[in-house]
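Before any comments, here is the structure.
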Amino acid sequence: MLDKVFDPRSFEGNFSFEVEASLRNPNAEPYMVLLPPPNVTGSLHIGHALCYTLQDVLARYKRMRGYDVLFQPGLDHAGIVTQLLVEKQLYESGIEKGTLTKDKLLKEIWYWKEQSGCTILDQLKILGISCDFSRLRFTLDEDSKRAVTKLFVKLFRDGLLRRGERMVSWDPVICTAVSDLEIIEKEVDGHMWHIKYMLEDKSDFIPVATTRPETIFGDAAVAVNPNDQRYRKFIGKSVRVPLTDRLIPVIADKHADMDKGTGAVKITPAHDFNDYEVGRRHKLPVIDIMDEHAILNDNVPELFRKLERFEARKKVVEFLQKTELLIKEEKIKHLLPFGDRSNSILEPRITKQWFVHAEKLAQPAIRAVEEGKLQFVPTHWQNLYFEWLRNIRPWCISRQIWWGHRIPAWYGPDGQVFVAEKYEDALKQAVVFYGKNQVELVQDDDVLDTWFSSGMWPYITLGWPDDTDELRRYYSKMVVVTGFDIIFFWVARMVMMGIYAMDNVPFPEVYIHGLVRDAKGHKMSKSRGNVIDPLKLCEKYGTDAVRYTLTTLASPGRDLKIDEQSVEINRNFLTKLWNVVRFAQMNGCVYNNYFDPSAVDNAFSKWIIVKVLQTVKEVEVALDSYRFDEATKAVYHCIWSTFCDWYLEFIKPVLQQSAIDEERAEGYNLNYTIYKKDVRDTTAWAIVQFVRLLYPIAPFISKKLSGEMGVMEMSWPSLTTVTPAEQLAVEHVEFLQELITSVRSLKQCLHLPASEKVYVSLNDMEEHYQKFLQDHATILRHMAHIELGTTEGMSFPIAINSTVVQMFLMTQVDVKSKIEQLRQELTNLEKAKNSATARLANEEFLSKAAAEVVEEHKKRVVSLDAKIQKMSTLLRNLEMA
RNA sequence: GGGCGUAUAGCUCAGUGGUAGAGCACUACGUUGACAUCGUAGGGGUCGUAGGUUCGAACCCUGCUACGCCCACCA
């Protein structure tokens, strides 16, 4: 027996889903869910909870539908994030940054990974995520290293990867290059300084505007637009770089925009992306004035050396003012690039880096989506994917940090590069290259962008580069569920690298969920203080309630607004289900394995079976199309509004012996012994189906309750077809529902107590309805204190479906308000009739609308007309009474 | 500057051409046997706006407005 009080914490811990997660069925259709590997440093936030819950719903659902499901977990080493975090912790424990050797720091990070890497895995287990933990992979484990090295070498040999000196975005705090995606643009307050660049003979000057006066020492030219009348006379002349003696040319270049700044722009090839290009066009010298920490180097006048960039800026402005070269200073707001990890302003910098020729890899990835081999759900996200891939630039994959995949490249004494999977192979190449046996090679110090290994995740986890059974079986049979914010970072790269290595898309569908926001629609953030901790919610309301809430909020293409109240509401729903099972237990409803839903012989059971099967179908359709919201709503509605509110109320008199005795005494002709058994079996059967439908979403309570009902295995409900006899039962029950609701409503309107006895005449209805009502007189009495047959007292019309029946009342009541209401009802009926009639009078409607629509309108008019006739007659009687 | 999304009841959201929906909130009534974490009934919407297509538009098309997001540029 279940406890009276529903407390999810009392049983959740009893279920571990690891065994079923690891079961493989080689004879079934393969299906894989690829868990986006969380960072080793991570802990579960609400976004993870959503993403992982949806995946778990899919995994469990597919398992129940008989698929061979591989739910693959993993952890990401998350290069920069992890290294920064460990360095910070070491710093807090007294170890200065930069004092540890590379080996020691790596040892510390590995140690820390072992300590904390399990945190998020434990949290996944709390959330009930049923991935196969026995297959857990790490993006930096030995097999991953082998795969990453292999792919790197393959890319290099195919000419898709090269090392080159280019301008990259440089993070001067972490001291590494970063990729375009790791840049966050933020608007900040700044200044625009207008500076005089004096002609060589000091006869005149060109005004130049800049936001970065400290970079004047790197200037190689001043550019003006060739069409700019103001400055045409200066082209070809030389101007002096302020605060120095250096002369630079005035050049004509379209890059100079006449409408921006002063129209004359300083060209600093070493410190600006555009200027770098201009410099190349005009073969200007590249003067690098900063070191890796963005501190000014020896290429600037002595006064400014060793100054940090912002100090230097102040000082330069100060000296420009002193020397009267400063024309004016304006306050402006402008966007600046920040590193997403260090939150420092990035510096364009020329360095040697490894680049992937992404443009080439992107083409088949674009085609895959164009040709429908890969579909985004919802579809519109493909626009974002296309936009990025069609404008993709070379992907800088080298990082000047220590934690990550070491780049498999070695350099000879003259800098010649040898790329190979192993040192020995590189050495062989070098021996051949130099034609001597003794060559000293040094391996590249850099590591790879974290997303390089993540991009390979679909096949790394299946054993690539080995040709494994799993790889053949599950690759391209998987699904990826993730947020739109990593379509570029991860999804696009998995597709590019997947097609490149495997010659096929890794997954045919990718589901993109929304962002979890707070109740007001604000992004959750620590600084805002509106972060919702999913684990705390689980603790308070139960994991199932949290999972259910996230699932029901997952409407396609929308962000999710969540608050505690919504979790509470769904907890209430689970409590309801709990109480349903208690009710079943109290009334001897036990699941019978041999119960045949098509053999039941009473209308109510037939009706609820039909409703349950409809719901099963709805849930299947919903989950097959990633409509998580619809799936939860269908179950919710069927359990609460159909099963609890109606079915259980219908059957209470049957289950309660005293009522049955009474019924017998009155001589009705139903066999209540069979009836009761049918009803008990059906109740248990329905509950078991509900629990099965809910299992993917709320596994803990489902497991618990199915156990209570005597079922352990979690198979998906099987559908049987609905026969005409069942259809009639459905009609009867729906007729009864309408009658009961209308009588209740009528009583309330007349200010009568619900317990007031009323009479319903059978005269106005077809014979099979009469018989049905007579057979179930107890139920009418039980649910609405309705008696059948009498035609005395005050008569009230009740419109049901296509007919109007009469309710009789023995007591005198004030009918004024009811008459008012009935008049309104009559008006509404007439309005509906008129609108349908008007349409039928329209010849264009008749000729152009679909035949069944016209037919439906005709039927509607006939039915409405009959109702109106009857209703108005009865209303007149009432008004005269 | 280019692109995407959203706008339906007080709130959160379903609804892809044929009689406007759900949950919550609200109002009234109701608790001694599944459940007050509840039940019964009820009120509440000119579907952002202006046009167009159509016999018929919340739904399709165009413009506009508001909010959110992505990309690019910025001396």
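Chain A is the first sequence line, chain B the second, and so forth, proteins listed ahead of strands; every chain is numbered from 1.
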Could you tell me which nucleotide pairs with B/C24 by Watson-Crick or G-U wobble geometry, both distances under 3.5 Å, or answer none if nothing does? B/G10
Give a yes or no on whether the ring-centroid distance for A/W685 and A/Y591 is below 6.0 angstrom. no
Phosphate oxygens OP1/OP2 of B/G39: is one of them under 4.0 Å from a side-chain N or O of A/K576? yes
B/G33 OP1/OP2 closer than 4.0 Å to side-chain N/O of A/K4: no
Below 4.0 angstrom from OP1 or OP2 of B/A7, is there any side-chain N or O of A/R558? yes
Is any side-chain N or O of A/R839 closer than 4.0 Å to OP1 or OP2 of B/G56? no
When you measure from the side chain of A/A849, which nucleotide among B/C55, B/A75, B/C13 comes out closest? B/C55
Check every strand shown and say whether A/L335 touches a base, only sugar-phosphate, or nothing at a heavy-atom separation below 4.0 Å. base
Which is it for A/I487 and A/F376 under the side-chain contact (heavy atoms from CB on, under 4.5 Å) test, yes or no, and what are the steps along the way? CA-CA 10 Å; A/I487 289 178; A/F376 280 80; 4.3 Å; yes
Would you say a side-chain N or O of A/T262 is under 4.0 Å from OP1 or OP2 of B/A75? no
Cationic N near anionic O, under 4.0 Å, A/K652 to A/E649: yes
Under 4.0 Å between a side-chain N/O of A/R627 and OP1 or OP2 of B/G15, yes or no? yes
Working note: A/M524 + A/R528, criterion side-chain contact (heavy atoms from CB on, under 4.5 Å); need CA distance, chi angles, decisive distance, verdict. CA-CA 7 Å; A/M524 289 188 194; A/R528 224 188 261 271; over 6 Å; no
Within the structure, does a side-chain N or O atom of A/K561 lie under 4.0 Å from either OP1 or OP2 of B/C13? yes
Regarding A/A264, tell me which of base, sugar-phosphate or nothing describes its non-hydrogen contacts under 4.0 Å with the strands shown. base
Which part of the nucleic acid does A/D257 contact within heavy-atom distance under 4.0 Å: base, sugar-phosphate only, or nothing? base
Is the distance from the ring center of A/F11 to that of A/W578 below 6.0 Å? yes
Going by modelled atom types, is there a donor-acceptor pair between the base of B/A28 and the side chain of A/Q748 at under 3.5 Å? yes
Would you say B/G39 has OP1 or OP2 under 4.0 Å from some side-chain N or O of A/W640? yes
Answer yes or no: does a side-chain N or O of A/R390 lie under 4.0 Å from OP1 or OP2 of B/A72? no
Euclidean distance, atom NZ of residue A/K520 to atom P of B/G68 [Å, nearest integer]: 16 Å
Does B/A72 have OP1 or OP2 sitting under 4.0 Å from an N or O in the side chain of A/N391? no
Where the side chain of A/Q565 is concerned, which of B/A25, B/C13, B/C35 is the nearest nucleotide? B/A25
Between B/G42 and A/S745, is there an OP1 or OP2 to side-chain N/O distance shorter than 4.0 Å? yes
